[in-house]
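Below is one structure, written out as structure tokens, with a few remarks after it.
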Number of protein chains: 2
Amino acid sequence: MAKQTPTLMDQIVSLCKRRGFIYQASEIYGGMGNTYDYGPLGVELLRRVKDAWWGAMVTERADVVGLDSAIIQNPKTWETSGHVGGFSDPMVDCKKCKGRFRADKLQDARCLEKPSKIPGECDGELTEPREFNMMFKTNVGPVEDTGSVAYLRPETAQGIFLNFKNVLDSARIKPPFGIAQIGKSFRNEITPGNFVFRTREFEQAEMEYFVPPAEDQQWFDHWVEARHQWYIDFGVNPDKLRLREHDPKELAHYAKATTDIEYHYPFGWGELEGIANRTDFDLSRHSEASGTDLLYFDPQTKEKYTPYVIEPAGGINRMALTFMIDAYEEQQLEKDTRVVLHFHPEIAPITAAVFPLVKKDGMPEKAQAVAAMLRKARFATFYDEKAAIGRRYRRQDEVGTPFCVTIDGDTMETDVVTVRHRDSMEQEKVKISELVGYLYEAKTNWTRP
Amino acid sequence: MAKQTPTLMDQIVSLCKRRGFIYQASEIYGGMGNTYDYGPLGVELLRRVKDAWWGAMVTERADVVGLDSAIIQNPKTWETSGHVGGFSDPMVDCKKCKGRFRADKLQDARCLEKPSKIPGECDGELTEPREFNMMFKTNVGPVEDTGSVAYLRPETAQGIFLNFKNVLDSARIKPPFGIAQIGKSFRNEITPGNFVFRTREFEQAEMEYFVPPAEDQQWFDHWVEARHQWYIDFGVNPDKLRLREHDPKELAHYAKATTDIEYHYPFGWGELEGIANRTDFDLSRHSEASGTDLLYFDPQTKEKYTPYVIEPAGGINRMALTFMIDAYEEQQLEKDTRVVLHFHPEIAPITAAVFPLVKKDGMPEKAQAVAAMLRKARFATFYDEKAAIGRRYRRQDEVGTPFCVTIDGDTMETDVVTVRHRDSMEQEKVKISELVGYLYEAKTNWTRP
């Protein structure tokens with residue numbers, strides 16, 4: 001087990017680069033620490049994960065609306081939220097090699113002069129730990145002075161709290177209701193992050209669910225259950241998921257309770273998503289600091305109160321990595337081995353690949369017409385006419401394409417194509433005129449193999 | 001005309017705030033210059049515009065793939081691209097009031113001490129203009145020194161050029177082909193921006209289309225035409241669009257030719273999107289600076305060349321604003337006036353609103369069941385049971401909802417609902433079992449009134 005686990009991550013990193021899921025950012029300039037770019041398949045994977053999240057969290061729900069707030073807000077936001085004062089890691093400096101290291105992760109750090117040594121265990125003296133803020137700073141406007149300092153948001157949540165009143169005033173909703181947001185957040189992480197598990201910039205997906213204070217526990221339980229189920233609905237192996245309640249001493253300063261949904265990664269159990277009871281902490285603080293009343297007035301009970309907030313918060317990139325790790329299989333077949341990603345068809349970057357059996361007799365033209373028809377129906381479609389058909393299937397298995405559509409001699413006479421299913425490798429004959437409907441059905445009825 | 005035009009913008013700004021399209025960012029803290037947050041309807045509008053762009057530019061095309069590159073790249077990227085040296089505005093300082101102003105926009109600036117005066121026309125002496133870089137700077141890693149300086153990207157295009165080879169190596173495509181990206185870009189704009197027409201952070205949509213050098217003109221023409229048509233396809237009034245070729249002296253340093261698609265805004269003609277022929281400028285520069293070969297080798301002709309690049313580039317926020325301005329109408333009816341947004345149904349934030357005619361006799365429950373069915377089919381659906389039916393129609397007209405579905409006494413007996421169309425205000429009877437299909441059809445067959 002200890003031997004296999006690094007190998008799986010290596011294989012996934014290699015597959016990601018080779019097939020265009022994920023590249024190292026700025027690679028031609030020697031890279032950029034903890035930063036990645038998403039290639040043609042990676043960006044489609046992210047899009048599917050975002051759509052699946054938004055669909056379940058906003059579109060399908062009557063009680064949740066969306067929001068898209070700016071990355072650079074008025075800096076008072078982060079003073080009030082506690083991030084300017086408290087969003088930091090303890091760092092030590094080595095007086096000899098001048099390196100700076102996380103005090104709580106010294107075991108993972110290496111002396112700059114003697115890389116085989118741990119700082120402190122070489123002969124350099126370490127300073128006392130100092131707090132290092134993880135927010136990226138910048139300057140806004142024409143003058144670089146302290147008056148113009150601003151921050152890249154370290155979380156999307158605060159943008160939601162700032163707009164609580166705006167949404168209440170314009171969207172005709174009342175507690176219990178949620179405001180959901182997907183967007184980039186930035187953290188100046190010093191420690192390396194297990195590929196895209198932890199990166200300096202990441203696409204966050206957060207929902208703040210505002211409830212009457214007395215209903216906090218029931219809604220906390222609801223969202224832990226709903227978010228856990230969402231991963232299972234989109235194909236994640238339930239045996240690799242677990243719920244972990246935070247110890248009281250582990251809780252963030254704003255939280256009354258937190259439960260993590262953890263996944264069993266190749267490098268161990270890790271947080272996939274967290275559900276926190278943030279109480280009325282944020283609304284109360286912003287209300288006090290801004291002088292703007294952030295209460296809810298219930299016209300029925302005539303009661304005025306600050307809602308409690310239940311927050312399911314995850315990262316789209318980490319979700320995508322998890323779907324990929326979970327979907328990955330090296331499958332022993334009778335004569336060979338195939339690498340296959342068993343993505344849920346709603347998550348797969350390519351929905352259908354279209355092949356002419358051979359590159360003649362009008363088959364490529366016919367196949368291209370079928371591909372164009374599927375693209376017009378907004379299926380992500382890949383056309384491939386190169387190499388033997390078996391090899392083309394394998395290429396699609398490796399990137400998780402659920403359906404391969406082959407045009408052969410029969411098709412030219414009968415307008416019937418062969419649909420080959422990724423997981424079972426079974427083949428079915430389908431009329432071209434019924435193909436779009438057939439694939440919709442097959443997507444919907446997919447079950448985890 | 002001169003009197004009416006500001007009024008239309010004011011009305012749109014007011015509608016945006018009142019109905020939850022767009023709020024001033026950090027409003028409770030006094031705002032943040034040139035920065036806006038998108039509310040429940042605004043975020044859905046942005047999502048539709050992004051999906052329409054991605055659908056036409058990537059999903060429906062066999063020759064274009066997507067990408068999602070990081071916002072903070074290795075700073076050498078911006079040295080090579082010319083942004084560190086040249087992406088700047090000329091600024092002057094007033095020696096008396098200490099204000100800093102754009103030298104080329106002094107007419108719009110106001111002295112800090114005598115706000116009724118233009119700098120230079122008050123008694124403060126101005127410095128000579130100095131170049132002020134518009135990129136936001138930050139520091140990456142644990143130490144704030146020049147070695148750790150990085151920039152927020154001012155355009156998404158460079159992230160595409162950096163990955164040209166990665167995409168070629170992994171995606172099995174060859175020129176002519178495109179790489180498309182949607183993502184945030186940041187510019188430290190000093191001048192105010194006509195609401196969301198120009199903002200400090202904005203969602204950019206760019207596509208770099210790589211072609212053999214000899215084919216640059218034909219593809220330039222193709223993309224000018226395709227992008228122009230895209231706006232018309234999604235409902236923009238063709239009479240309000242025009243194409244404008246850049247003068248040779250107006251061209252950016254990297255461009256051989258540029259054509260802007262302009263829209264006639266309430267504040268005059270303005271750039272909606274630009275199509276540029278960037279030649280081989282970017283790939284050649286990055287190739288030279290990085291030492292990485294960014295050529296394309298054509299296996300058929302055995303030729304090696306640096307492709308030319310045709311770039312259609314726009315901003316999602318500006319597109320959304322344009323769709324909104326263009327869709328806006330105050331319509332005189334027989335007895336009253338209605339405000340209506342004639343959004344294309346693919347662009348409208350809410351696709352269907354569902355109303356019980358009255359709040360009794362089981363109609364609310366039935367209507368909620370119909371709303372849930374539409375949500376499950378991933379239609380953005382709004383349920384409303386408050387106020388008279390006519391007033392509910394008007395509320396939906398104002399935010400551009402193309403279809404209102406009413407459940408009345410008949411529905412309780414026959415399962416037939418009334419669908420009311422926004423533009424014509426005509427009503428049709430539709431069976432609940434056929435409603436999803438009916439709305440799909442109606443969306444597809446919509447034409448500009």
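The chains referred to below are lettered A, B, ... by the order of the sequence lines, with proteins before strands, and numbering in each begins at 1.
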Minimum heavy-atom separation for A:Ser26 to B:Asn74, with atom names? OG-N, 2.8 Å
Closest heavy-atom contact between A:His286 and B:Ile28? CB-CD1, 4.1 Å
At a heavy-atom separation under 4.5 Å, does [X] approach chain A through its side chain, its backbone, both, or neither?
X        : answer
B:Thr292 : side chain
B:Arg61  : backbone
B:Lys165 : neither
B:Arg395 : side chain
B:Thr35  : side chain
B:Ile173 : neither
B:Phe382 : side chain
B:Glu27  : side chain
B:Tyr383 : neither
B:Asp51  : both
B:Ala150 : side chain

Do A:Ser69 and B:Tyr36 get their side chains close enough for a donor-acceptor pair, meaning under 3.5 Å? no
Determine the option with the most heavy-atom pairs under 4.5 angstrom with chain A, choosing from [options].
options                               : answer
B:Arg375, B:Gln158, B:Lys376, B:Gln73 : B:Arg375
B:Gly55, B:Ala171, B:Ala380, B:Gly159 : B:Gly55
B:Asn133, B:Thr59, B:Val65, B:Val58   : B:Thr59
B:Lys76, B:Met32, B:Glu201, B:Glu203  : B:Glu201
B:Thr381, B:Thr80, B:Asn163           : B:Asn163
B:Ser287, B:Pro40, B:Ala377, B:Gly20  : B:Pro40

Residue part contacting chain B, namely of A:Ala372, when any heavy atom lies under 4.5 Å: neither
Name the region of A:Glu44, side chain, backbone, both or neither, that has any atom closer than 4.5 Å to a heavy atom of chain B. side chain
Beyond-backbone contact of [X] with [Y], side-chain heavy atoms, under 4.5 angstrom:
X        : Y        : value
B:Asp169 : A:Arg18  : no
B:Lys137 : A:Asn139 : no
A:Leu46  : B:Asp68  : yes
A:Phe186 : B:Thr138 : no
B:Tyr38  : A:Leu67  : no
B:Arg378 : A:Trp54  : no

Working for side-chain contact (heavy atoms from CB on, under 4.5 Å), residues B:Tyr23 and A:Val167: CA-CA 9 Å; B:Tyr23 315 121; A:Val167 173; 3.8 Å; yes
Do A:Leu152 and B:Ile71 pass the side-chain contact (heavy atoms from CB on, under 4.5 Å) test, and can you show the C-alpha distance, the side-chain angles, and the key distance before you say yes or no? CA-CA 11 Å; A:Leu152 306 193; B:Ile71 287 170; over 6 Å; no
Spatial distance of atom CZ (B:Phe136) from atom CZ (A:Phe136) [nearest 0.5 Å]: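 Those atoms lie 15.5 Å apart.
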First locate atom OG of A:Ser170, then atom CD1 of B:Ile22, and finally report the distance between them rounded to the nearest 0.5 Å.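 Between atom OG of A:Ser170 and atom CD1 of B:Ile22 there are 12.0 Å.
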Pick whichever of A:Ala180, A:Ala25, A:Ala62, A:Gly39 has the most heavy-atom pairs under 4.5 Å with chain B.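 Greatest number of close heavy-atom pairs with chain B: A:Ala62.
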Based on non-hydrogen pairs under 4.5 Å, which of A:Val43, A:Leu294, A:Asn166 is most in contact with chain B?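 Of A:Val43, A:Leu294, A:Asn166, A:Asn166 has the most heavy-atom pairs under 4.5 Å with chain B.
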Greater than 12 external heavy atoms within 6.0 Å of B:Lys174's NZ: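 Result for NZ/B:Lys174: open.
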In terms of heavy-atom contacts, does CD of A:Glu288 have more than 12 from other residues, nucleotides or ligands at under 6.0 Å?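 Open: at most 12 neighbouring heavy atoms sit under 6.0 Å from CD of A:Glu288.
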Test B:Arg200 against A:Val140 for side-chain contact (heavy atoms from CB on, under 4.5 Å), laying out the working first. CA-CA 9 Å; B:Arg200 286 207 174 110; A:Val140 166; 3.1 Å; yes
